[in-house]
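In what follows, chains carry the letters A, B, and so on, assigned in the order in which the sequence lines appear, proteins first and then strands, with residues in each chain numbered from 1.
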Protein chains: 2
Amino acid sequence: MECIFCRIVAGEIPADVVYQDKELLAFRDSHPQAPTHILIIPKSHIASVTDLTGNHQALMGRLMLLARELAQKEGISASGYRLSVSTGTDGGQLVPHIHFHLLGGRKLDDMLG
Amino acid sequence: MECIFCRIVAGEIPADVVYQDKELLAFRDSHPQAPTHILIIPKSHIASVTDLTGNHQALMGRLMLLARELAQKEGISASGYRLSVSTGTDGGQLVPHIHFHLLGGRKLDDMLG
């Protein structure tokens with residue numbers, strides 16, 4: 001198993017996990033860009049947004065709702081936050097396992113990248 | 001109707017629409033941050049990620065899949081792209097109608113905001 005996020009899912013690499021269920025895992029980014037910087041991933045290996053199929057519709061919807069919940073738990077619902085997913089080279093995706101960044105706890109820049 | 005995006009949905013304000021169906025609308029951002037900068041919104045008024053409920057799960061999943069499709073149509077699937085949704089003041093959300101930014105066509109900055 002080469003994928004670093006699959007290894008985190010399997011418990012082979014430690015991570016600061018903030019949430020998990022059968023399908024989804026959320027853990028703090030080891031190089032945070034903001035006071036709250038959580039990565040939310042499906043436990044199953046999906047390389048990127050480009051690799052999504054119709055079968056992933058419900059899973060992606062659940063992931064969005066989880067982001068909302070985690071923002072509440074982090075106490076950043078009122079102040080605001082950003083959810084961002086990068087794909088490929090231009091997107092700056094570093095790990096080829098789809099991951100959503102939840103960022104908050106400071107005023108984020110208006111430039112999205 | 002005060003919401004500018006609801007007015008775009010209603011056809012009261014012109015926009016460079018690239019896709020629409022019964023539930024979703026996509027149009028080019030009038031102040032693009034990248035060669036491709038498309039906003040994807042639900043036609044029904046949802047203020048922000050914080051206002052999502054379980055009833056929106058399927059809709060949010062569909063929106064994710066539409067982002068993937070639009071990236072393909074724009075020819076940025078191979079080069080890469082970013083999908084980003086901002087909430088509230090810290091997130092820099094300017095229009096209180098949930099909207100996802102699809103950005104690509106250049107190397108995006110690693111800083112997400």
| task | Is it possible for you to say whether A:Phe5 and A:Leu25 belong to one hydrophobic cluster, with membership spreading through side-chain heavy-atom contacts below 4.5 Å? | result | yes

| field | Which of B:Leu108, B:Ile76, B:Thr87 touches chain A most, by non-hydrogen pairs under 4.5 Å | value | B:Thr87

| task | Kindly compute the distance separating CG (B:Asp51) from OG (A:Ser77), expressed to the nearest 0.5 Å. | result | 9.5 Å

| B:Ile38 with B:Phe27, same ILVMFWY side-chain cluster at under 4.5 Å | no

| remark: Cut-off 4.5 Å, heavy atoms of chain B, and the answer for A:Thr53 is backbone

| Residue, of A:Gln93, A:Arg68, A:Glu69, A:His101, that accumulates the most heavy atom pairs under 4.5 Å with chain B | A:Arg68

| query | Counting N and O atoms only, with roles assigned by atom type, does the side chain of B:Arg82 sit under 3.5 Å from a partner on the main chain of A:Leu112, one being a donor and the other an acceptor? | reply | yes

| Heavy-atom proximity to chain A below 4.5 Å, by part of B:Leu65 | side chain

| field | Connected via hydrophobic side-chain network under 4.5 Å: B:Val85 and A:Leu24 | value | yes

| said: Working to the nearest 0.5 angstrom, can you tell me the gap between B:Leu66 CG and A:Gln57 CD? | reply: 11.0 Å

| task | Tell me whether B:Leu83 is reachable from B:Ile41 by hopping between hydrophobic residues (I, L, V, M, F, W, Y) whose side-chain heavy atoms are closer than 4.5 Å. | result | no

| Heavy-atom side-chain proximity of A:Leu52 to B:Met64 below 4.5 angstrom | yes

| B:Leu102 reachable from B:Val17 in the ILVMFWY side-chain graph, under 4.5 Å edges | no

| query | Under a 4.5 Å heavy-atom cutoff, which of A:Gly88, A:Gly91, A:Ala34 has the most pairs with chain B? | reply | A:Gly91

| request: Heavy-atom pairs under 4.5 Å with chain A are the metric here; pick the option from B:His56, B:Lys107, B:Met60 that has the most. | output: B:Lys107

| query | Just by distance, do the side chain of B:Gln33 and the backbone of A:Asp110 share a donor-acceptor pair under 3.5 Å? | reply | yes

| message | Does B:Thr50 form a side chain to side chain donor-acceptor pair (under 3.5 Å) with A:Tyr81? I'd like the steps, not just the answer. | response | CA-CA 10 Å; B:Thr50 300; A:Tyr81 52 94; 2.8 Å; yes

| field | Contact origin within A:Ala58 toward chain B - heavy atom pairs under 4.5 Å | value | both

| task | Among A:Leu94, A:Val49, A:Asp109, single out the residue with the greatest number of heavy-atom pairs under 4.5 Å to chain B. | result | A:Val49

| note | Honestly, the part of A:Leu103 sitting under 4.5 Å from a heavy atom of chain B is side chain

| task | Among A:Gln72, A:Arg62, A:His37, A:Arg106, single out the residue with the greatest number of heavy-atom pairs under 4.5 Å to chain B. | result | A:Arg106

